[in-house]
Amino acid sequence: MVGSLLPTHATDAKMEKAIERTLRKMTLEEKIGQMTELCIDVLGHDENGKFVFEEDKLHKVFAQYKVGSILNAPGPVARSREEWKEIIGRIQELSMREIGIPCIYGLDQNHGTTYTTGGTMFPQNINVAATFDPALAEQAATITAYETRASNCPWTYSPTLDITRDPRWSRIWESYGEDCLVNALMGSAAVRGFQGTNPDDMGKTRIATSIKHYMGYSFPRTGKDRTPAYITVSDLREKCFEPFRQCVEAGAATLMVNSASINGVPVHANRELLTVWLKEQMGWDGMIVTDWSDINNLYTREHVAADKKEAIEIAINAGIDMSMEPYDLGFCDLLKELVNEGRVPMSRIDDAVRRVLRLKYRLGLFEHPTTDMADYPLYGSQQHAAVALHAAEESEVLLKNTDGILPLKKGVKILLTGPNANSMRCLNGGWSYTWQGHLADRFTEQYNTIYEALCNKFGAANVTLEQGVTYVAEGAYTEENAPQIDRAVAAAAAADVIIACVGENSYCETPGNLSDLALSQNQRDLVKALSATGKPIVLVLNEGRPRLINDIEPMAKAVIDILLPGNYGGDALANILAGDTNPSAKMPYTYPRNSAELTTYDYRTSEEVDRMEGAYDYDAVVSVQWPFGYGLSYTKFAYSNLTADRTEFKNGDQLTFSVDLKNEGDRAGKEVVMLFSRDMVASMVPENRRLRAFTKVELQPGETRRVSLTIKASDLAFVNPQGKWTLEKGDFRIQVGSQVAMVRCTETNVWETPNK
């Protein structure tokens, strides 16, 4: 059976009639204008920190070219709600007067109010993944939507669903980690948070999502951003597509495309992926937007088109509905020529414009192009801040705690050191007030760095700051000042414990590319010198991706990876160090140990090659620093008595697995219960294991609870080399914690559909 051609939700008939009425009145120029998205910078300029419109540019964009979408912050630097009210209000006034259709304005509000001052900044998506709590992902997105709409903006380019398979990639922290199930569940929860449960009527407190980057973007062969990927048919359908499929089913209104190519075909030119998989097989009625200037890349970089006109022809016919130009109105002229020459059919234009109009109707922009700030009293409230702090606490991963050194005892004398010890920029990462996040400290005076948070928690007299290594203020993420390691070593004499905060400065996209995955030499030298003092070291990792630390990790008594926890990350860390919060996060990706051993938790079993006899001693056992799903607590959990409600099954069945979970410690704690499967024998080389379900459970000291996880039999299927889902007869190993159970599929089933 081929996938359903019906929409993924019940489309509003009244709204569809309104779309058709609007479409019938539109000229070709107006239709093409609606397919065009420009950057705010084409409409004016900054003057003493305030954006000033230029009337001739406004006239050209809206009166002459009928442009339907504007994006980005001027600068791009975060603006106040009041300025956004003025900017977007002026744009909507012109759009309604000159075109009769509201503009759709988009911002990268990627972890809270990225481009709106005074709002709530949440941990980055990689931290949200580490919580293993989809409800928290939904709550954060709900608040972000509320505060973004309060700023007059109805659309965000989020969430990022690129499963992170290569630790070198510069955008790992924007995603939900390396597992496709975690990305799917977290992403679909975020979609519901942003948009609500009715995609045809989002209401005034919700915004439209643009799930990105469809797809395979995070598989670059070089590890560099926006570079080619080579992905098997199986992995493309089974792993890359799955998060997008589930988010589309959750009602995602728009989708942004991978800037690069897959198996030699630029995704912006791939009709199979854009039109067949999404629009035909899934019946999706949402809108596809390019990434930044990516149609141009088809001829300037990818060389699959001779010039811009041919590039537009290829992309629009492949299924692109809106082009993020972002500066060139020539797109409109060239697309008009292509339609008049018959190279782009009018049916394709009408389909694209319907999708753009549908987005605007779903947001209620025709009736209410702007919002009233008075309707959003909770903007930047303490209520929202409490959720952000809780999310940070739930997301920081305790990786090592030798001899129970943590939590720290009261009155302990602390030497706080390392370049990440006193910076809000480091806590937030990229997409924070600016694209690179490099100006974050200018906007975050009211929040606490790690140093400030530790002073508040342990007393300023007990905390000495001597960083030893520092970053260049507002510089590129790789820039460090001349080290002063001797000063940190001298300060250690008066300390009981050393907290070394190391990692990365903020970066985003291509400027975040690297040539060496190891932590910087200065930072590793700092830790080594401090280790020689004999004082115990607590290593705090504050980074957007795993930087290799195999030479300094043994020197630390404890390790906490706080990832990129946002404005409240320092407070969350202080609470964990003091024992006021019991850590419960788990690693959302595999942390590599060595530069030549980069793998993921779901590697094929044949990758784990043990020693061979004679001359063929390859010694290729997989080795990692910390595995996916690893994380410690201040209490101890024990698993026992795993059972299945059935030991034999076939496609269409459901299987429920139950296990006893006991908190054997003396404090309350949370445990992420994960269910992994392994196909013991398959016609394709099976994976070592796959995460199939998870839930987070809180237990009091001594409490035991029976925890159940249910999966569909089809969840145990794989995609064969022909692109078909395959559930094969045979045995499956199920593991939950330390417990193992075997179940058996009694018959083979093969089907062709986007769904499992």
Side-chain angles (χ1 to χ4, degrees), residues 111 122-141 159-161 163-164 172-193 242-243 246-247 250 387-399 546 560-566 569 572 576 581-591 600-602 626-637 639 657 659 661 663 668-677 689-699 705 707-711 715 735-738:
H111 67 118
F122 286 92
Q124 296 281 3
N125 282 355
I126 198 67
N127 287 71
V128 176
T131 72
F132 281 83
D133 186 354
L136 195 51
E138 182 171 350
Q139 190 176 16
T160 298
L161 303 173
I163 58 174
T164 55
I172 281 179
W173 49 271
E174 293 186 55
S175 82
Y176 296 108
E178 75 181 46
D179 177 67
C180 63
L181 176 66
V182 175
N183 273 268
L185 295 182
M186 293 295 186
S188 55
V191 168
R192 290 189 295 273
E242 183 63 14
Q246 291 202 29
C247 285
V387 178
L389 172 60
H390 176 64
E393 291 174 334
E394 293 283 300
S395 73
E396 297 182 353
V397 191
L398 178 62
L399 294 171
I560 301 177
D561 192 344
I562 67 172
L563 304 165
L564 297 176
I576 290 172
T581 296
N582 190 355
S584 62
K586 304 291 185 182
M587 284 304 299
Y589 52 67
T590 302
Y591 203 117
T600 54
Y601 88 94
D602 51 356
W626 292 288
F628 167 83
Y630 181 80
L632 303 175
S633 168
Y634 291 152
T635 190
K636 183 180 179 183
F637 295 96
Y639 291 81
F657 299 90
V659 69
L661 179 68
N663 181 351
K670 298 175 183 176
E671 172 71 347
V672 181
V673 180
M674 302 182 186
L675 186 152
F676 294 91
S677 73
R689 60 178 184 160
R690 281 284 295 279
L691 182 67
R692 301 302 186 183
F694 61 87
T695 188
K696 198 166 191 176
V697 179
E698 183 171 15
L699 297 179
R705 187 178 306 172
V707 180
S708 295
L709 294 165
T710 298
I711 64 174
D715 290 340
Q735 182 172 5
V736 182
S738 59

Open item on the list: Ring-plane angle category for Y591 and W626, please: parallel below 30°, perpendicular beyond 60°, tilted otherwise.
Closed with: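 It falls in the perpendicular class, over 60°.
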
I'd like to check [X] versus [Y] (side-chain heavy atoms, cut-off strictly below 4.5 Å). Are they in contact?
X: N125; Y: P159; answer: yes
X: L563; Y: W173; answer: no
X: Y639; Y: L661; answer: yes
X: T635; Y: N582; answer: yes
X: P546; Y: I172; answer: yes

- [ ] Apply the side-chain hydrogen bond (donor to acceptor under 3.5 Å, both in side chains) test between S395 and each candidate in T131, N127, D133; give the one that qualifies.
- [x]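 It is N127; the other options fail the test.
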
Identify the two heavy atoms, one from [X] and one from [Y], that lie closest to each other, and give their separation to 0.1 Å.
X: A130; Y: V397; answer: CB-CG2, 4.2 Å
X: V182; Y: F132; answer: CG2-CE2, 3.7 Å
X: K696; Y: S584; answer: NZ-OG, 3.0 Å
X: A693; Y: I711; answer: CB-CG2, 3.9 Å
X: L136; Y: H390; answer: CD1-CD2, 3.9 Å
X: P243; Y: L161; answer: O-CD1, 3.9 Å

Drop me the distance from [X]'s [atom1] to [Y]'s [atom2], to the nearest 0.5 angstrom.
X: I163; Y: S175; atom1: CD1; atom2: OG; result: 9.0 Å
X: Q246; Y: L181; atom1: CD; atom2: CG; result: 7.0 Å
X: R692; Y: D179; atom1: CZ; atom2: CG; result: 9.0 Å
X: F122; Y: H111; atom1: CZ; atom2: NE2; result: 11.0 Å
X: E138; Y: L185; atom1: CD; atom2: CG; result: 12.0 Å
X: E174; Y: T164; atom1: CD; atom2: OG1; result: 11.5 Å

Task: ring-ring contact (aromatic ring centres under 6.0 Å, His included) involving F657 - partner list, sequence neighbours excluded - done: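 Not a single residue meets the ring-ring contact (aromatic ring centres under 6.0 Å, His included) criterion with F657.
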
Task: Cationic N near anionic O, under 4.0 Å, E671 to K586 - done: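 Here E671 pairs with K586 in a salt bridge, since their nearest N and O are under 4.0 Å apart.
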
Open item on the list: If we count only N and O atoms by modelled type, under 3.5 Å, do the side chains of T600 and E178 hold a donor and an acceptor together?
Closed with: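 The answer is no; no qualifying pair exists.
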
